[in-house]
2 protein chains.
Amino acid sequence: MNEQEKTLCEAKAAVLKALAHPTRLWMAEQLAGGEKCVCEFVGAMDFDFSTISKHLAVLKQAGIVEVDKRGKQVFYRLKVPCVLNFMNCVEAVIKAQGKDQAALMRHL
Amino acid sequence: MNEQEKTLCEAKAAVLKALAHPTRLWMAEQLAGGEKCVCEFVGAMDFDFSTISKHLAVLKQAGIVEVDKRGKQVFYRLKVPCVLNFMNCVEAVIKAQGKDQAALMRHL
DNA sequence: TGCATGTTTGGCATAATATGCAAATGTTAG
DNA sequence: CTAACATTTGCATATTATGCCAAACATGCA
């Protein structure tokens, strides 16, 4: 692992890390259906406004979402939609785990 | 976000989290070229044997790699090869960040 | 049996650091 | 100016990831 590889891996890991949180993952998936404003997330989750705003900031800084401010509202949308394609694969991993996750797997 | 969604998102996030570390990401990518034994990783990285073993255990427990013990050596291989497909997308995210990462991007 | 090689585990220090709430601050529309 | 929408700051808290060391375990070979 040379220096360049290391730097590149760190950059990639940072992107994955941003998605490696249940709340952020869920929000990213919601954005697959189109842009959403912060207030919509606040309505859908039982978190403080500031908490949600922070999570979105993490996704934004990772380059996963982009922001569009319109009027009083701030809309977030996926910047690189392919991030959701690989959720299929993550689900495949979970299925392959073959643990006692029957209940979980029924929803994949 | 109901209970089921939450549980599922937690499971997915756990998989991503396992890959969200430079060392583990690098190892997973190395495995794309075929199985490797622990000692090969030790030779390629400047980490303690135990450190590498622990990282591999994280990947294993996440369901990303599987183990094959042959003789004195332990071989690891990708259990769900598609995990590497989405690296293309992660790289796309990095490219899209368009920050001052020219040096980094030249290696994507 | 005993030793060398390869690997895992337990313990540990350290630092990091993520999370989510509360309060204060911005921003826009009306 | 006020209300609605959003971000930032500060903070407490707990968590916990990381990587080294030493010890234990496993396997093959002499």
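Here is how names work: the chains are called A, B, and so on, in the same order as the sequence lines, proteins then strands, and each is numbered from 1. Not measured: the values here are computed from a predicted model.
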>> Could you check whether atom CG of A/D46 has more than 12 heavy atoms from other residues, nucleotides or ligands sitting under 6.0 Å from it?
In response: no
>> Can you work out whether A/D46 or B/V38 has the more 5'-proximal nearest nucleotide on DNA chain C?
In response: B/V38
>> Could you go through A/K54 and A/V58, starting from their C-alpha distance and side-chain angles, then the distance that decides it, and tell me whether this counts as side-chain contact (heavy atoms from CB on, under 4.5 Å)?
In response: CA-CA 6 Å; A/K54 265 185 192 171; A/V58 171; 5.7 Å; no
> In residues 14-21 of chain A, which residues come under 4.0 Å of DNA chain C by heavy atom?
Replying inline: A/K17, A/H21
>> Enumerate the disulfide (SG to SG under 2.5 Å) contacts for residues 45-83 of chain B, please, sequence neighbours excluded, ordered by first and then second residue.
In response: A/C89-B/C82
> Any donor-acceptor pair under 3.5 Å linking the side chain of A/E40 with the backbone of A/C37?
Replying inline: yes
>> Distance check needed: C/dT19 P versus A/W26 CH2, whole Å only.
In response: 17 Å
>> C/dT8, OP1 or OP2 - any side-chain N/O from B/Y76 closer than 4.0 Å?
In response: yes
> Base, sugar-phosphate, or nothing for A/F75, non-hydrogen atoms under 4.0 angstrom?
Replying inline: nothing
> What is the distance from atom CE of A/M1 to atom CE of B/M27, rounded to the nearest 0.5 Å?
Replying inline: 8.5 Å
>> Which nucleotide wins on minimum distance to the side chain of B/Q73, given the candidates D/dT7, C/dG6, D/dG19?
In response: C/dG6
> C/dT7 P sits how many Å from B/K60 NZ, rounded?
Replying inline: 13 Å
>> Can you tell me which nucleotide in C/dG20, D/dT8, C/dT9 comes closest to the side chain of A/H55?
In response: C/dG20
> Please give, in whole Å, the distance from D/dT7 P to A/L59 CG?
Replying inline: 12 Å
> Quick one: is D/dA17 close enough that its OP1 or OP2 comes under 4.0 Å of any side-chain N or O from B/R24?
Replying inline: no
>> Can you measure B/F47 atom CZ to D/dA17 atom C1' for me and round it to whole angstrom units?
In response: 13 Å
Listing time: all N or O pairs from protein to nucleotides 21-30 of chain D that are below 3.5 Å?
residue	atom	partner	partner atom	Å
D/dC21	N4	B/S50	OG	2.9

>> Using whole Å, what does the distance between atom C1' of nucleotide D/dA4 and atom CZ of A/F49 come to?
In response: 8 Å
> Which value, rounded to the nearest 0.5 Å, describes the distance between A/L19 atom CG and B/L19 atom CG?
Replying inline: 11.5 Å
>> Tell me if a side-chain donor or acceptor on B/Q73 pairs with a main-chain N or O of B/R70 at a distance below 3.5 Å.
In response: no
>> How many whole angstroms separate atom CD1 of A/I52 from atom C1' of D/dT8?
In response: 16 Å
> Donor-acceptor pair, B/K79 side chain versus A/A96 backbone, under 3.5 Å?
Replying inline: yes
> Whole-Å distance between C/dG20 P and A/L56 CG?
Replying inline: 13 Å
> Do the rings of B/H55 and B/H21 sit parallel, tilted or perpendicular, given the 30° and 60° boundaries?
Replying inline: tilted
>> Rounded to whole Å, please give me the gap between CD in B/E10 and C1' in C/dA18.
In response: 15 Å
